[in-house]
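One structure is given below, encoded as structure tokens.
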Amino acid sequence: MNVARILLVDDEEVFVQNMQRLLTNRGYTVTTASSGEDALDRLSERAYDVVVLDLRMPGQGGLSTLKAIKRRFPLVEVLILTGHGAIDSALEAMRAGAYDYITKPCEVDDLTRKLENAREHKDGAERSEMEDRIQKLIESPLSVLDLVREAKQRRK
Amino acid sequence: MATPNRPDPITTAADGARPALPRYGWMYRRLILLTLTCAVLPLALVGAALSERHAGEVREQVVDSIRGELDHHHRVIQTFLDDRIARLRLVADTSDLAEMSDAEMLGRVFASLNHDRRAIADLGVIDEQGRHLAYVGPHDLLACNYAGEEWFVEVVRDGVYVSDMFLGFRQEPHFIIAVAREEGERLWILRATVDTGHFRSLVDGVWFGSTGEVCLVNRVGVLQSAPRSGGRIMEPAPWPVPAAPGPEVIFVDGTRSGSPAADGGRDVVAGYVWLERPRWALVVRQRADEALAEVTRARRNTLVLVGLATVLALAGGLALTDRLVRLIRRRDRVASDLDRQLVQAGRLASLGELAAGVAHEINNPLGIILTERELLADALAGAEPVDPRLRRQLESSLAQVRIQVDRCRRITHDLLRCARRAASAAETVDLNRFAGEIVELFAPEATSVGAELRCDLEPGIPPLSADPALLQQLVLNLVNNALDAVAGHPERTVTIRTRHDPTAGEVLLAVEDTGAGIPEQLRQRIFDPFFTTKPVGQGTGLGLSICDRIVRDLGGGIAVRERPGGGARFELRFPSSPAADPVLAGGADQTGRPAGGLHR
């Protein structure tokens with residue numbers, strides 16, 4: 001299995017750096033972002049497998065960032081970091097498309113477990129989508145043009 | 001502190017020195033005034049109207065009865081006088097002067113006129129010069145000449161004359177009747193003195209009621225009969241002479257100046273009618289208090305009735321007002337209590353928000369400390385061989401850091417829970433929707449342990465009243481336990497069921513797992529604090545005891561059973577509506593009472 005690319009988004013700089021190092025030690029490729037806007041910039045630069053997103057952030061909040069990610073990069077899985085007891089916001093986030101949530105403060109082993117789940121889920125989803133597309137192309141070869149148009153739109 | 005002029009507390013409150021309390025005394029007075037105005041005033045008006053109407057009717061009756069007396073006596077007296085005049089006229093018309101001048105003949109006529117009873121006292125014949133031609137009677141009047149007398153002038157002019165009463169030689173009241181006869185060229189007059197014994201019995205003896213009387217008075221106000229109430233015949237009447245011809249009935253105010261004083265200033269009802277000849281007025285009088293006794297009685301009755309009704313209305317109004325004001329007072333007190341509670345709750349809620357904020361803020365540095373610890377642990381693991389003492393110290397410190405961070409985490413979690421509780425508010429919760437949310441929330445977790453999370457929801461479950469946050473904590477706990485329980489078992493299914501038990505008025509939520517189940521001997525103990533079946537270090541043993549407490553807070557009950565086919569089933573029961581008795585709904589369940597449809 002190839003190395004999973006993780007984007008860590010949290011306004012707490014030290015936490016992000018530490019977590020980046022911990023995850024790197026465990027074999028992940030980790031990029032960090034300190035805000036929602038930052039995260040969206042990173043995502044448009046290159047593809048990631050899983051985004052770990054804090055819900056409580058200044059500027060563009062976690063939830064709207066999540067929605068923006070899901071709109072523009074539907075294949076990326078998002079893990080939500082939330083405070084204990086903020087179940088309602090976690091639920092809202094999951095409805096908005098997050099894969100799972102993890103309560104802060106979290107231990108790195110819990111995080112890696114959930115990251116693995118998320119990546120498996122993503123792989124599964126990608127595989128089935130790929131199969132869908134191939135099926136589609138077989139059925140109507142012209143629909144490749146739709147895919148091209150879609151890709152162009154996403155780049156914008 | 002009691003100064004002499006200390007105002008009563010109500011006024012003080014109304015002055016606005018303290019926050020404006022309602023002015024109950026003022027309210028009380030206003031309400032009573034209103035009640036009185038609304039109840040007593042119409043009552044008095046109706047009473048007055050009834051009394052006035054009745055008085056009017058009685059006055060009409062009095063007028064009718066007086067007028068009846070008047071008519072009757074008028075007829076009797078006029079008949080008597082007309083009869084006497086007619087007899088004299090008959091004698092005068094059927095004889096001539098020569099006959100009548102004969103004393104013997106006149107004596108025969110006199111005897112004939114007095115035949116059945118003594119009607120006339122004397123009889124005389126007078127020629128046109130006023131000379132007495134003949135006379136029968138007790139006095140020697142033959143020498144008298146009447147030529148200048150007023151009565152003589154009148155009888156010559158009118159042909160007939162009736163005099164007022166006068167005292168004759170016998171000091172007896174008399175009056176005369178004279179008729180004139182034209183006989184060819186000559187004119188002569190037949191004159192009779194009426195014996196008043198019989199006449200006066202027609203008037204003087206007449207009484208009606210206990211104060212009613214009948215009397216006669218002439219044009220200048222001299223009594224022609226003796227009134228019963230005092231005053232003597234031939235003397236001026238003690239009351240004025242009516243002017244109009246009548247008949248008329250008048251109510252005389254005895255207190256007015258110039259009004260009749262005969263009854264000692266009392267009011268009288270009087271009726272009068274003028275006779276044709278002589279010009280006497282027949283007067284019927286009765287004291288007003290007797291004639292109008294009915295009015296007085298009616299007025300008294302009305303007064304008593306209105307008074308009674310007023311007293312009743314007053315008592316009723318007082319009682320009603322008292323109750324009303326007391327009710328308002330109680331309501332006000334409840335409202336102000338509620339206000340206070342609301343303020344208190346608001347304060348707690350904002351305190352809770354503050355605590356929650358603090359807890360969240362502390363979680364961030366805790367997260368960092370945790371990552372630092374893990375970094376250090378990683379570094380230690382990958383490091384060159386170090387001094388074993390240093391390594392031991394580092395390892396024990398790292399373990400301690402972890403323990404203390406866990407402790408802090410628990411503290412912040414508790415703080416958050418308490419904050420939520422402080423701000424807790426009952427809301428209407430749709431249990432089915434709620435169960436759906438839980439499943440949604442746990443889906444990734446379930447997938448990661450390879451378990452299946454199912455829903456079995458009964459449609460149309462009535463809502464229940466609970467704090468959603470507490471309920472969430474409760475069910476999250478149970479589902480977490482269930483997921484732990486199925487881990488490592490061949491069949492890994494967790495089912496959330498909802499049921500409605502209308503007969504008990506309860507809604508039920510059950511969490512079932514296909515794990516090992518809970519041995520019967522442990523079922524009583526699992527809700528005890530610190531009891532756990534998990535390996536040491538993996539559970540605090542507090543989850544289910546907290547669940548138990550939350551369920552009781554929500555007015556429900558929790559029970560554990562064996563799932564048919566193996567595994568455990570935790571059942572939560574809640575009263576379906578806020579109106580249900582929480583005491584009845586809670587408690588009893590741990591004894592394992594069958595819980596409706598869920599038990600099959």
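All chains are named by letter (A, B, ...) in the order of the sequence lines, taking the proteins before the strands, and each is independently numbered beginning at 1.
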*Contacting region of Asn117(A) [heavy-atom separation from chain B under 4.5 Å]*: side chain
Please output the side-chain donor-acceptor pairs of residues 52-66 of chain A that fall under 3.5 Å, not counting sequence neighbours, one pair per line with the distance.
| from | atom 1 | to | atom 2 | distance (Å) |
| --- | --- | --- | --- | --- |
| Asp54(A) | OD1 | Arg56(A) | N | 3.4 |
| Asp54(A) | OD2 | Lys104(A) | NZ | 3.3 |
| Ser64(A) | OG | Gly61(A) | O | 3.2 |
| Thr65(A) | OG1 | Gly61(A) | O | 2.6 |

*What's the spacing between Asn364(B) CG and Asp10(A) CG if we round to 0.5 Å?*
6.5 Å
*At what distance, to the nearest 0.5 angstrom, does CZ of Arg373(B) lie from CG of Leu22(A)?*
9.5 Å
*asked:* I need the Asn18(A) CG to Glu372(B) CD distance, nearest 0.5 Å.
replied: 4.0 Å
_Interchain contact, Leu375(B) with chain A, by part (heavy-atom threshold 4.5 Å)_ = both
_Please classify the contact between Arg402(B) and chain A as side chain, backbone, both or neither, with a heavy-atom cut-off of under 4.5 Å._
side chain
_So Pro444(B) and His121(A), do their side chains get closer than 4.5 Å, heavy atoms only?_
no
*Enter the distance from Glu374(B):CD to Asp109(A):CG here, rounded to the nearest 0.5 Å.*
6.0 Å
*Look at Glu107(A) together with Arg409(B) and state whether they make a salt bridge at an N to O cut-off of under 4.0 Å.*
yes
*Specify which of Tyr101(A), Phe15(A), Tyr99(A) makes the most heavy-atom pairs with chain B at under 4.5 Å.*
Phe15(A)
_Segment of Ile362(B) engaging chain A (4.5 angstrom heavy-atom cut-off)_ = neither
*asked:* Is it true that, when you exclude Glu13(A) itself, more than 12 heavy atoms of the residues, nucleotides or ligands shown sit nearer than 6.0 Å to its CD?
replied: no
*Indicate the atoms forming the closest heavy-atom contact of Cys106(A) with Leu370(B), along with that distance.*
O-CD2, 3.4 Å
*Mind ranking Gly382(B), Gly367(B), Ala359(B) by heavy-atom pairs under 4.5 Å with chain A and telling me who comes out on top?*
Gly367(B)
*So which bits of residues 431-443 of chain B come within less than 4.5 Å of chain A, counting non-hydrogen atoms only?*
Glu437(B), Glu440(B), Leu441(B)
*Answer with side chain, backbone, both or neither: which region of Arg95(A) has an atom nearer than 4.5 Å to a non-hydrogen atom of chain B?*
both
*How long is the gap from CZ on Arg21(A) to CG on Asp378(B), to the nearest 0.5 Å?*
9.0 Å
